[in-house]
Amino acid sequence: MATRRASQLITSLSSPSRFPIGRCLSAFSSPDLPREFTPKSWQSNPQCKCSINKAFSFQRHSFSSKIERNPSYSLLNSDDISYFKSVLEEKCVVQDEERLSVANTDWLRKYIGSSQLLLLPKNTDEVSKILSYCNSRLLAVVPQGGNTGLVGGSVPVYDEVVISLANMDKIISLDKVNGILTCEAGCVLENLNSFLENEGFIMPLDLGAKGSCQIGGNVSTNAGGLRFVRYGSLHGNVLGLEVVLANGTVLDMLGTLRKDNTGYDLKHLFIGSEGSLGIVTKVSILTPAKLPSVNVALLACGDYLSCQKLLVAAKRGLGEILSAFEFMDSHAINLALTHLEGVTNPLPQSESKFYVLIETTGSHEANDKAKLEAFLLHTLEEGVVLDGAIAQDISQASTFWRIREGISEASVKEGACYKYDLSLPVEKLYGIVEEMRLRLDGTAKVIGYGHLGDGNLHLNIMTPEYTDNILTKIEPFIYEWTSAQRGSISAEHGLGFMKADKIHYSKSAEAVKLMGSFKKMLDPKLILNPYKELAAPFFTDIIHALNISLHLLFIPYPAMPNIFS
Ligand code: FAD
Ligand code: MLT
Ligand code: ZN
């Protein structure tokens, strides 16, 4: 069996067909297998009735009775609308119910807010005027990028004003010597990548939501994605930011230097702060050179230990050309094959428990090819890999990627999707998937996949609909398990509304208290993205600040440390 599979791989390896020089695979978009993500289906959402007293529909499954609209925030009135119309173009002050319904609903359709106003500023000055006004009027706001976030951070909980960056999508400059791109925050990631490709560069990050997510949203979530293993975190790649603070102050940190040790590097506070400290309006970012030789392989492994061995071997054997190392268990790949249109299994003979997608990107076609072939033959001979295929053309490569990137889309087609995004030591990472399967005992579908090269597991649990019964079997167990491994309950998606009261599983009380101090300093009236990230301490704070009685606002999560003590 092993020989047949090995020879199958050797056959495909010996074929001369490869990706054309000068194209970066990650930007290929074939008409039949588009890699772009277009949320057309959101265009109307009958569930949104836009009543300000209606909080997230999923609220009943998470915070339950613990959260109510904070009455200290003002209610929108006609004077407010008149003010916004005097500052923005009239068409950028949106009250149309259908458009509001899209802005009120998150990608998972799990969180549905009741905002009655969507603002679309066109420049930093307009963002500044909006925030300054909202701050003085105590109107809560939600910054919104492409609305592809997966933790309920990008949509209002109640009637917060949505500030979308979609109209701020200009590329400002590209320094072609140093590969530094400066642009507005509303630029869509895929558009930036396409622009760069024509200039001989690529974006240092890539994700399945690239066709909709914006660079400002990426920065604000500190998105990881598929190239992280090669190019690292946005904390390393973002060189500068322009941010508008809650009171309208424009903070110019839009440097373009690789090295600058003058004082505190404040931009890092905003990277990953999920719209809780300011609105990102401009970004400068380091962009790697686009390299001509890209190869993609899909490999099958018999057990999780082999996946780990493959990772170690890939880091050593492929070294500098390794650009992605993604894994999927058989449940995840089967889900994708079931729900994604026009996608077939590239390894039809194989019924392995695990699959790994490896991408290499390098500068020398022949050398890179030889390196990958030698690596794959070696891992086959060693029995680490049982079967595998290297994409022979763009279409095949797109199919491999489509399967991996399409898992999120396939998951939501099952009905309800409880989504977890954990950082764990690689050797322990799959343990939680197995434990969860045992725990749920066939009552839900459990899939494990993710960015194995970065120690980042995505664990999706799917049932026909959301129920408290399933949720109580999953949480807090999953967070306690992760915390016990000293892992993180959010590797890359953030806390949002979903995990607003869960930060203590991954951060010490002292660290959370310091975060609270930053929040108080930068947004003292707490108008930015309320009820999310650090929600409990912030509500406690607003009670102190605005003299409102505790029971009206929030019943703190029992294990939450009081950061203001
Ligand atoms: P939004 O969803 O609009 O907002 C996300 C958060 O950032 C919110 O809290 C919002 O208030 C805040 N925000 C947005 N813009 C700004 C701004 N300009 N200033 C201040 N705050 C702002 N994530 C990963 O990390 N890796 C992946 O591989 C990945 N793959 C995905 C695949 C799919 C199919 C989907 C649907 C999502 C995926 N995500 C992934 C999650 C999501 O795409 C990322 O978090 C992305 O960075 C969000 O960008 P956005 O523009 O859509 O932001
Ligand atoms: C991914 O890696 O596919 C994303 O983070 C999205 C997801 O997990 O759904
Ligand atoms: Zn991911």
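Computed from a predicted structure; not experimentally measured. Note that ligands are numbered from 1 as they come in the structure, with each ligand's atoms numbered from 1 the same way. Start at 1 with the first residue, then count along the sequence.
In this structure, Q144 contributes its side chain and A103 its backbone to a donor-acceptor pair below 3.5 Å. For N456 (side chain) and A491 (main-chain N/O), no donor-acceptor pair under 3.5 Å exists by modelled atom type.
Salt bridge absent: E184 and K282 never bring a charged side-chain N and a carboxylate O closer than 4.0 Å. With respect to the salt-bridge test (charged N to carboxylate O, under 4.0 angstrom), the residues D501 and K499 do not qualify. Ion pair K210/E190 not flagged as a salt bridge, since none of the NZ, NE, NH1 or NH2 atoms sits closer than 4.0 Å to an Asp/Glu carboxylate oxygen. Between R437 and D329 there is a salt bridge, since a side-chain N of the basic residue sits under 4.0 Å from a carboxylate O of the acidic one. Between K445 and E414 there is a salt bridge, since a side-chain N of the basic residue sits under 4.0 Å from a carboxylate O of the acidic one.
Taking every heavy atom of R404 and a limit of under 4.0 angstrom, the matching atoms of ligand 2 come to 1 (C), 2 (O), 3 (O). Listed by number with element, the atoms of ligand 2 under 4.0 angstrom from any heavy atom of H451 are 2 (O).
The part of L150 lying near ligand 2 is the side chain, judged by heavy-atom distances below 4.0 Å. By the criterion of a heavy-atom distance under 4.0 Å, both the backbone and the side chain of N218 are placed next to ligand 1. With a heavy-atom cut-off of 4.0 Å, H493 touches ligand 2 through its side chain alone. Contact annotation for H451 and ligand 1: only side-chain heavy atoms (C-beta onward) come within less than 4.0 Å of the ligand. At a 4.0 Å heavy-atom cut-off, ligand 1 touches T148 through backbone and side chain alike. Contacts between K532 and ligand 1 below 4.0 angstrom, taking non-hydrogen atoms only, are absent altogether. If you look at N529 next to ligand 1, the close heavy atoms, those under 4.0 Å, all belong to the side chain. Proximity of C213 to ligand 1, defined as any heavy-atom pair under 4.0 Å, is shared by backbone and side chain alike.
Ranked by closest heavy atom to atom 51 (O) of ligand 1, the top entry among G146, A223, G216, S276 is G146. Distances from atom 39 (N) of ligand 1 to the heavy atoms of L207, I279, D421 show the closest one on L207. Of all the listed residues (V280, D206, V244), V280 holds the heavy atom that lies closest to atom 19 (N) of ligand 1. Between the choices G217, G211, G152, the shortest heavy-atom distance to atom 15 (N) of ligand 1 belongs to G217.
Geometry at the Zn ion (ligand 3): NE2/H458 and OE2/E492 form an angle of 100°, nearest 10 degrees.
Distances from ligand 2 to the non-hydrogen atoms of E405 include no value under 4.0 Å. Within the 4.0 Å heavy-atom shell around ligand 1 one finds G278.
Here H493 fails the criterion, with no N, O or S atom under 2.8 Å of the Zn ion (ligand 3).
Classification of the Y449-H458 ring pair by plane angle, with boundaries at 30° and 60°, yields tilted.
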